[in-house]
Amino acid sequence: MALYKTQTLKIHNSLTGKKEEFTPLHEGHVGMYVCGPTVYSNVHLGNCRTFMSFDLIFRYLLHLGYKVRYVRNITDAGHLEDDADQGEDKISKKARLEKIEPMEVVQRYTVDFHNTLQKFNLLPPSIEPTATGHIVEQIEIIKVIMDKGYAYEKNGSVYFDVVKFNEDYQYGKLSGRKLEDMIANTRELAAQDEKNNPQDFALWKRAEPQHIMRWPSPWGEGFPGWHLECTVMSTKYLGETFDIHGGGMDLKFPHHECEIAQAEASNDKSPVRYWLHANMLTLNGKKMAKSTGNNLLPNEIFSGENTLLSKAFAPTVVRFFMMQAHYTSILDLSDEALLAAEKGYHRLMDAMELLHNLPTGVTSGFDLGAWRQRCYDAMNDDFNAPVLIAQLFEAVKAIHLIREGKQEITAADLEGLSETLHGFVFDVLGLERAHRESGESEKLDGTLELLVELRNRARTDKDYATADRIRDALNDLGIQIKDGKDGTTFSY
RNA sequence: GGCAUCGUGGCCGAGUGGCUAGGCACAGCUCUGCAAAAGCUUGUACAGCGGUUCGAAUCCGCUCGAUGCCUCCA
């Protein structure tokens, strides 16, 4: 029997502001859409946190036995020109100056995006559609919205008529805004543009001569509006109404609000049953953003080449760090926090290793069933990974007690413990054992084993000067010697 | 200015109307030739001020502060 039949999952729905019991539209199947990246520069760590949050959600849904269709788009159209001008990103600017094809920029950063997410051990989505691959569908939906009277054309551009829409529907229900308030607030700074109202947004934009990405349409050459692709691709692959729509908190308004408006205007149906918003990752207390320069690239963390951190951190350690915070909370990145997470990560992984040769007995002092359910309870409560991790450390404590002979566990329970632990640590949280780069390390390891052997011989001979010299010299090189009960190991 | 979220022990970070996660650091202990590593043990915190209540850090109000959105942004 699928786990979802016995586990009651509750999800915080941004639309209602409440935790609601999750029941998919079609039993056993879940449709999930997440707004993906705009590929005009390298993904920064903040982007990664959002996608990682939804990776956790995807993984847990799979773990519960749901068949999940997970759609995450790639935005590769529309705003390349503007961003190259405004942003600090030198590569895309250079690409433009050298008249490199825009799709070359897209390709480069799409590859970077995939590489980076793979390092963080994110599962690929079921479908990863691109905006440029759905121009036709976008044009079609614009026609529908125009036919229904919720859009108007001006000089080759088409705008969504928010005021008209608001007469029949409710604009702003996701972000808790009222159109009247918005109009009152923006009246003075209304830009002199073609829109009837500042709140209106573009469905199709006329391409100016210098705009490099352009497609023919009934309204002339142009490109699709910023919010349209998500409406088109989500409903195309998941249906007019689907279960979960996710994205970063910063997309709640206006992006997701506009998506709702577009979908309702064209299908007359609320498109999404559960809206989920992942919160921001901050750096020095401020949001990480490409545009402000307050950002850190994943590779800069993995290599240690940055000015903010004292050392390099493995991708899985960064993942563990992020999993220790709930996805709806703001998380502030710092060297101290990462260092603490790294130690905790090792403690967890070391305990997983101990699992292999633990003594078993005739009774269990460890209540496996109750503990396992506490793990599920944590995840069932809006994917609360931090609480799950707390439970995992309860198991770590038990493992040590059993190892020291202070507690007993039956063979069957040990197997269950091991299985559950592996399931949550590797399948649900998506953690991995951090491994060193192979190749050179084989030689190094052999050399170290020899040094350890020589040192231990010196210790037996009470030649502590030699023993300590080896230990201290290695330590200066960043290699730590660890004398344990069962022999000496090292780490670097 | 408007809307939203948040303010937890040295740090990070959960949670809850009464039964007080977890990680890291610190301290003590065990182990060790000495260390380190590892393991064990210990922490009554919830921005401030009022109110509701038998009881609030958890609910309500106000104040202060932080962050996000209101323009592309995960």
Side-chain angles (χ1 to χ4, degrees), chain A residues 14 17 34-38 40-41 43-54 75 78-79 82-83 86-87 172 175-178 181-182 184-186 188-189 191 198-199 201 226 246-255 257 277-282 285-292 295 320-321 324-326 328-334 336-348 350-351 354 374 378 381 384-394 396-397 400-401 403-404 406 459-460 462-464 467-468 471-472 475 480-485 488-491:
Chain A
S14 304
V34 171
C35 291
T38 304
Y40 63 93
S41 65
V43 253
H44 67 249
L45 201 65
N47 292 290
C48 295
R49 151 119 119 138
T50 294
F51 299 127
M52 209 182 277
S53 296
F54 287 105
T75 298
H79 7 284
D82 290 348
D83 288 328
Q86 291 166 5
S175 54
R177 285 161 214 247
K178 289 196 176 70
D181 297 346
M182 291 166 62
N185 284 321
T186 50
E188 300 104 49
L189 34 126
Q199 285 68 39
F201 56 90
W226 304 271
M249 201 74 110
D250 51 351
L251 297 183
K252 199 170 183 180
F253 187 90
H255 183 61
E257 208 68 78
H277 287 95
N279 220 136
M280 302 292 100
L281 178 71
T282 59
K286 297 263 189 231
K287 185 180 113 161
M288 253 192 220
K290 291 170 191 173
S291 52
T292 59
N295 68 352
F320 180 76
F321 162 70
Q324 276 187 299
H326 188 75
T328 56
S329 298
I330 294 173
L331 208 211
D332 192 49
L333 183 104
S334 67
E336 258 191 329
L338 236 28
L339 246 16
E342 187 176 51
K343 293 208 173 165
Y345 164 83
H346 281 123
R347 190 167 135 82
L348 178 62
D350 290 349
L354 293 175
R374 283 199 299 275
D381 184 16
N384 199 325
V387 171
L388 168 65
I389 289 172
Q391 289 305 323
L392 298 181
F393 277 103
E394 292 302 318
V396 169
K397 189 179 277 185
H400 289 304
L401 285 175
R403 180 165 168 262
E404 287 162 22
K406 289 175 184 166
R459 289 171 73 204
T460 317
K462 295 197 194 299
D463 178 9
Y464 295 124
D468 290 353
R471 182 178 70 196
D472 296 344
N475 201 254
Q480 191 179 35
I481 293 291
K482 299 174 185 176
D483 294 323
K485 266 188 180 147
T488 302
T489 57
F490 53 84
S491 69

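Letters A, B, ... are given to chains in the order of the sequence lines, protein chains preceding strands, and every chain is numbered from 1.
Atom NE2 of A:H400 and atom P of B:rA37 are 15 Å apart (whole Å). The separation between A:H277 atom NE2 and B:rA4 atom P is 15 Å, rounded to whole Å. At whole-Å resolution of the value, NZ in A:K178 and C1' in B:rA4 are 13 Å apart. Whole-Å rounding puts the A:H255 NE2 to B:rG68 C1' distance at 17 Å. For the pair A:I330 CD1 and B:rA66 C1', the interatomic distance rounds to 8 Å; values are reported in whole Å. Counting to the nearest Å, the P atom of B:rA21 and the CD1 atom of A:I389 are 17 Å from each other. Atom CG in A:L331 sits roughly 6 Å away from atom P in B:rG13 (whole-Å rounding). Atom CE of A:M182 and atom P of B:rG1 are 19 Å apart (whole Å).
You'll find that the side chain of A:N384 is closest to B:rG15, out of B:rC12, B:rU67, B:rG15. The side chain of A:F253 has B:rC70 as its nearest neighbour among B:rU67, B:rA74, B:rC70. Considering only the side chain of A:L251, B:rA74 comes nearest among B:rA74, B:rC12, B:rG68. Distance from the side chain of A:Q480 is smallest to B:rA37 among B:rA74, B:rA14, B:rA37.
A gap of 41 Å separates the P atoms of B:rC62 and B:rC24, to the nearest Å. Separating the C1' atom of B:rG7 from that of B:rA57 is a span of 12 Å, rounded to the nearest Å. Using P as the reference atom, B:rA25 and B:rU41 are 16 Å apart when rounded to the nearest Å. For the C1' atoms, the distance from B:rG2 to B:rG10 is 38 Å, rounded to whole Å. Here, B:rA56 and B:rC40 have their C1' atoms 35 Å apart, quoted to the whole Å. Across the P atoms, B:rA47 and B:rC11 are found 14 Å apart, a figure rounded to whole Å. A gap of 14 Å separates the P atoms of B:rU32 and B:rA36, to the nearest Å. Between B:rG68 and B:rU30, the distance separating the two P atoms is 50 Å to the nearest Å.
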Check nucleotides 57-59 of chain B for protein N or O atoms closer than 3.5 Å to its own N or O atoms and list the pairs.
none

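Partners of A:F201 according to the ring-ring contact (aromatic ring centres under 6.0 Å, His included) rule, which considers only residues two or more places apart in sequence or in another chain, are A:F160, A:H227. By the side chain to side chain contact (heavy atoms under 4.5 Å, CB included) test, A:Q480 is found to be paired with A:N475, A:K482, A:S491, residues two or more places apart in sequence or in another chain being considered. For A:S175, the side chain to side chain donor-acceptor pair (under 3.5 Å) test picks out A:R177, A:E257, with sequence neighbours left out. Residues satisfying the ring-ring contact (aromatic ring centres under 6.0 Å, His included) criterion with A:F320, sequence neighbours excluded, are absent altogether. Not counting sequence neighbours, A:K286 has no partner by the side chain to side chain donor-acceptor pair (under 3.5 Å) test. When the ring-ring contact (aromatic ring centres under 6.0 Å, His included) test is applied to A:H44, no partner is found at least two apart in sequence or on another chain. Considering only residues two or more places apart in sequence or on other chains, A:S334 meets the side chain to side chain donor-acceptor pair (under 3.5 Å) condition with none of them. Evaluation of the side chain to side chain contact (heavy atoms under 4.5 Å, CB included) rule for A:N279 yields A:R49, A:M249, A:I330 as partners, not counting sequence neighbours. Under the rule for a side chain to side chain donor-acceptor pair (under 3.5 Å), the partners of A:D332 that lie at least two apart in sequence or sit in another chain are A:T282.
Here A:N47 contributes atom CG and A:L45 contributes atom CG; the two are 9.0 Å apart, rounded to the nearest 0.5 Å. To the nearest 0.5 Å, atom CZ of residue A:R471 and atom CG of residue A:D483 are 7.0 Å apart. Atom CD1 of residue A:I389 and atom OH of residue A:Y345 lie 12.0 Å apart, to the nearest 0.5 angstrom.
Residue contacts shown for A:G172 are absent, as no nucleic acid heavy atom lies under 4.0 Å away. Looking at heavy-atom distances under 4.0 Å, A:E394 makes contact with sugar-phosphate atoms alone, never a base. Nucleic acid contact class of A:A278 (heavy atoms, under 4.0 Å, all strands): none. Residue-level contact check: A:D332 touches the backbone only, with heavy atoms under 4.0 Å from sugar-phosphate atoms and none from bases. Among the protein residues, A:E404 comes within range of the sugar-phosphate backbone only, with heavy atoms under 4.0 Å from sugar or phosphate atoms but none that close to a base. Among the protein residues, A:G46 comes within range of the nucleic acid bases, having at least one heavy atom under 4.0 Å from a base atom. Counting non-hydrogen atoms under 4.0 angstrom, A:T489 reaches nothing in the nucleic acid.
Between A:V396 and A:M288, the one whose closest nucleotide on RNA chain B sits nearer the 5' end is A:V396.
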One character per nucleotide, please: for nucleotides 24-35 of chain B, 5' to 3', B when the base has a protein heavy atom closer than 4.0 Å, S when only the sugar-phosphate does, - otherwise.
SS-------BBB
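Side-chain atoms of A:R177 and base atoms of B:rC69 include a donor and an acceptor less than 3.5 Å apart.
Residues A:L392 and A:L348 have side chains in contact (heavy-atom distance under 4.5 Å, counting atoms from C-beta outward). Side-chain contact check for A:F393 versus A:R347: some heavy-atom pair is nearer than 4.5 Å.
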Give RNA chain B the dot-bracket treatment, 5' to 3': Watson-Crick (N1-N3 with N6-O4 or O6-N4) or G-U (N1-O2, O6-N3) under 3.5 Å, [ ] crossing, | other strand.
(((((((..(((.....[...)))..((((.......)))).....(((((..]....))))))))))))....
